[in-house]
There are 2 protein chains.
Amino acid sequence: MKFSHDPKLKRVPGLSEQVTDFLVSEIEMGSYKSGEVLPSEAKLSARFEVSRTVIREALARLKYDGLIESRQGSKCRVVESTAKRVFRLDKLEDRDSNEIGYLYEFRAILESESAFLAAKRRSKKDIARLDRCVEALNQATQKGIDGTTENVNFHMAVVDASGNPFLSDFMHFLSGKIWALVQADRDHSKQKGLPPEVQQEHVAIFEAISTGNQNKAREAVLTHLKNAAERRGINILNFDRFFC
Amino acid sequence: MKFSHDPKLKRVPGLSEQVTDFLVSEIEMGSYKSGEVLPSEAKLSARFEVSRTVIREALARLKYDGLIESRQGSKCRVVESTAKRVFRLDKLEDRDSNEIGYLYEFRAILESESAFLAAKRRSKKDIARLDRCVEALNQATQKGIDGTTENVNFHMAVVDASGNPFLSDFMHFLSGKIWALVQADRDHSKQKGLPPEVQQEHVAIFEAISTGNQNKAREAVLTHLKNAAERRGINILNFDRFFC
DNA sequence: GTTATAATGTTGTATGTCAAGTTAAATGTC
DNA sequence: GACATTTAACTTGACATACAACATTATAAC
């Protein structure tokens, strides 16, 4: 049996990765506070019993994230946490159901407001793209195939139609994480194909956006995500805010 | 004159940083598409005319961001953009006023919904913290000092009171970027101290959250951010959506 | 005490080496 | 010729050493 081309092969974490994670947790735990200096590369090399190369690759990662700062000649300094250059969303799979509920709430806020804005700003190209997405979802529903890709495409078409590049970029990032999360426990559910009621929800969103009904677009998204969370057994928290 | 301890010294970008930026832009431009392999470290080393050490440190950064993937023995692969591990918000200072307007809109969505949730979920500790923040802003207003720190603290107390850790974490990240942006052109305005009307807006937000009036909390934040954007001459886009 | 100088420490970069793993070519087999 | 096996070449991971550029600290001079 050959594994040469299988991309799902377990990637063994290298030494620099391990050192990186360790240093990150130490900084986040407060072992090294803002403004303080880290031990020299030589000291870290001795402490972790790895070569300086490994240490440097780990530190390069931290520098890129803006966690530490360095200048030739003097030791690395830990920068204030407000100056972080990236937003990271790791270890999502081993968070409890409660936290995932918060993630869906977060997503619901962004996507519903995106739809609200999209109903106002959507261009003809946006509507055409949304139309294609709905059609693709239709075919997926009829054929009974998975349709996850088409689903994601539709949701991304909505946020892109909002016209806000930050909203758009961030939701692309977030949906990647959520998608990976969904795929992770798709083995459990074993459900094939999209239920027809899901597609009805999609159509409702599309109609509201294309006709320019902002409030209806927002509520259609909220309804859809509320149902989606329920279908996945996620502990939703505050979705009923607009329905009381 | 000595600069030894001055942290504002211009940090000269190292070779690995330059290589990193170049490779990132090449991947984003599409020179290396998803699933394709990068040239070997030796080839890259020859191409950029730097040592393999530099290349490895640059690649370590890309791996950490989830832009590429590597396994011992085979070349690095570019991963699908949906699998990116981080959300980055760089080069914010050289975006035009229009885009900054979108940034404020993005922020307004998150902060107004945070306030909406905070008005429902705020604990006694949250209210106490908000109270301390308002008091600190009061004193800053009276003393006529800058008050930027107190301002940021208040806004973060609001999002923390929302109880949603994702919302909270992300807004901490985002406010760091916005704060840096504000500080960048604070030299232009030369305004000292907070105007009294700003503090009134803060108090309105606090009152709405502490009394549990969700809708009022959300609109108070929107009003505040709308005015804040106007005061800073930012081209706001859609803030009047709730006022028509 | 202050200032100039030397010594030391630290990061940035380059080079070489080897091990472990993958890929591609050569070879053998039917 | 098609297929499987072995071999060779290539690639990443990690280590060690060396040196330049810069910063810090200790020392010496005044």
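Since the model is a prediction, treat every value here as computed from it, not as a measurement.
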Here the salt bridge (Lys or Arg N to Asp or Glu O under 4.0 Å) pairs for residues 25-36 of chain B, sequence neighbours left out, are B/E26-B/R47

* What class does the angle between the rings of B/F173 and B/F87 fall in, given that below 30° is parallel, 30 to 60° is tilted and above 60° is perpendicular? -> perpendicular

Under 4.0 Å, heavy atom to any atom of DNA chain D: which of residues 44-60 of chain A qualify?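 Under 4.0 Å from DNA chain D: A/V50, A/S51, A/R52, A/T53, A/V54.
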
Assess whether a salt bridge exists between [X] and [Y], defined as any Lys/Arg side-chain N lying under 4.0 Å from an Asp/Glu carboxylate O.
| X | Y | answer |
| --- | --- | --- |
| A/K84 | B/D169 | no |
| A/D90 | B/R85 | yes |
| B/K125 | B/D160 | no |

* **ring-ring contact (aromatic ring centres under 6.0 Å, His included) contacts in which one or both residues fall within residues 33-73 of chain A, not counting sequence neighbours** =>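 Counting only pairs at least two positions apart or across chains, the ring-ring contact (aromatic ring centres under 6.0 Å, His included) contacts touching residues 33-73 of chain A are A/F22-A/F48.
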
So which pairs with a foot in residues 135-165 of chain B pass ring-ring contact (aromatic ring centres under 6.0 Å, His included), sequence neighbours left out?
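As it turns out, the ring-ring contact (aromatic ring centres under 6.0 Å, His included) pairs with a partner in residues 135-165 of chain B, which skip direct neighbours, are B/F154-B/H202, B/H155-B/H202, B/H155-B/H224.
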
Is there a donor-acceptor pair closer than 3.5 Å between any side-chain N or O of [X] and the backbone N or O of [Y]?
| X | Y | result |
| --- | --- | --- |
| B/K75 | B/P39 | no |
| B/N164 | A/Y102 | yes |
| A/E57 | B/R61 | no |

Ranking B/K43 and A/L15 by the position along DNA chain D of their nearest nucleotide, the one closer to 5' is B/K43

Measure [atom1]/[X] against [atom2]/[N] and give the value in whole Å, please.
| X | N | atom1 | atom2 | value |
| --- | --- | --- | --- | --- |
| B/Q18 | C/dG12 | CD | C1' | 12 Å |
| B/E17 | C/dT11 | CD | P | 15 Å |
| B/E41 | D/dC15 | CD | C1' | 15 Å |
| A/R77 | D/dT24 | CZ | C1' | 11 Å |

What N/O pairs connect the protein and nucleotides 7-9 of chain C at under 3.5 Å? Give each pair on its own line.
unit_1, atom_1, unit_2, atom_2, d
C/dG9, N2, A/G73, O, 3.1

Between B/I100 and B/L92 the two heavy atoms that sit nearest each other are CD1-O, 3.9 Å

Axis-to-axis angle for the helix from C/dG1-D/dC30 to C/dC30-D/dG1, ends of five pairs each, to 10°, equals 10°

